[in-house]
Amino acid sequence: MLRAGEATGPNAEFAFDKESKKIVVRTTQIGVANSRIEVFVDKANAPAFRHYFATAECKFGDSGSKCEVIVPQSNPAYGAILDQFKRGRAARVTVDDAGVMKMDQSVSLKGFTKSLR
């Protein structure tokens, strides 16, 4: 699992499920319908992953907003994320709530990439 953001505040996580060959992307306290999440690895000009959350992917409750999207192995983004995370040193995760709120965090990929192999 890779988490970007604050432990008790807005954050985004990428959970890699090797058995079912999918990546589950979740946001907590940030992200609503039409929010954009992007992940850039190192100094790449193009994101390894970009997604606009649909209404069905986001919920709002007592603890704030939560969004979730599953990236199956059949999706080209699955391979792009794995490839760039394996070769990269740092990932910058940005969640933009249509100009209302923005989370922009960088996290190290050191050590994490070894678990993907």
Exercise. Look up atom CZ in Arg50 and atom CD in Glu38, then write down how far apart they are to the nearest 0.5 Å.
Key: 4.0 Å

Quiz item: Could you state the interatomic distance from CD1 (Ile70) to NZ (Lys22), rounded to the nearest 0.5 Å?
Solution: 4.5 Å

Quiz prompt | Same apolar cluster (I L V M F W Y, side chains within < 4.5 Å links), Ile37/Phe16 | solution = yes

Quiz item: Any link between Leu82 and Phe40 through a network of hydrophobic side chains (Ile, Leu, Val, Met, Phe, Trp, Tyr) touching at under 4.5 Å?
Solution: no

Quiz prompt | Side-chain heavy atoms of Leu109 within contact of Arg89, under 4.5 Å | solution = no

Quiz item: Given side chains that start at C-beta, do those of Leu2 and Val107 come closer than 4.5 Å, heavy atoms only?
Solution: yes

Exercise. Can you see which heavy atom on Ala48 is nearest to which on Gln84, and at what distance?
Key: CB-OE1, 3.4 Å

Quiz item: Taking the six-membered ring for Trp, are His51 and Phe49 parallel (under 30°), tilted (30 to 60°) or perpendicular (over 60°)?
Solution: parallel

Exercise. Treat each ILVMFWY residue as a node, draw an edge where side-chain heavy atoms are under 4.5 Å apart, and state whether Phe53 and Met101 are in one component.
Key: yes

Quiz item: Out of curiosity, does Val32 fall in the hydrophobic cluster containing Ile30 (side-chain heavy atoms, cut-off under 4.5 Å, transitive links)?
Solution: no

Quiz item: Is there a donor-acceptor pair closer than 3.5 Å between any side-chain N or O of Asn75 and the backbone N or O of Ala77?
Solution: yes

Quiz item: Can you find a pair of side-chain heavy atoms, one from Val25 and one from Glu68, that are under 4.5 Å apart?
Solution: no

Quiz prompt | Lys/Arg N to Asp/Glu carboxylate O, Arg36 vs Asp96, below 4.0 Å | solution = yes

Quiz item: What distance do Glu6 atom CD and Gln29 atom CD have between them, rounded to the nearest 0.5 Å?
Solution: 8.5 Å

Self-check item: Gap between atom SG of Cys67 and atom CZ of Arg26 - 0.5 Å precision
Solution: 12.5 Å

Quiz item: So, the side chain of Asp97 versus the backbone of Ser35: is there a donor-acceptor pair under 3.5 Å, distance only?
Solution: no

Quiz prompt | pair Phe85-Val39: side-chain heavy atoms closer than 4.5 Å | solution = yes

Quiz item: What distance separates Glu57 CD from Thr27 OG1, expressed to the nearest 0.5 Å?
Solution: 10.0 Å

Practice problem: Tell me, with the steps shown, if Val24 and Phe14 meet side chain to side chain contact (heavy atoms under 4.5 Å, CB included). | Solution: CA-CA 6 Å; Val24 180; Phe14 290 75; over 6 Å; no

Quiz item: Which atom names give the shortest non-hydrogen contact between Lys102 and Thr94, and what distance separates them?
Solution: CE-CG2, 3.3 Å

Quiz item: So does Asp17 pair up with Lys21, basic N to acidic O under 4.0 Å?
Solution: no

Quiz prompt | For Tyr52 against Asn34, the heavy-atom pair lying closest together | solution = CD2-O, 3.9 Å

Self-check item: Minimum heavy-atom distance between Ala12 and Val95, given as atom pair plus value
Solution: CB-CG2, 4.4 Å

Practice problem: Write down the atom of Cys58, the atom of Ala33, and the distance for their closest heavy-atom approach. | Solution: SG-N, 3.9 Å

Quiz item: Is it true that Arg92 and Asp104 have a side-chain N and a carboxylate O under 4.0 angstrom from each other?
Solution: yes

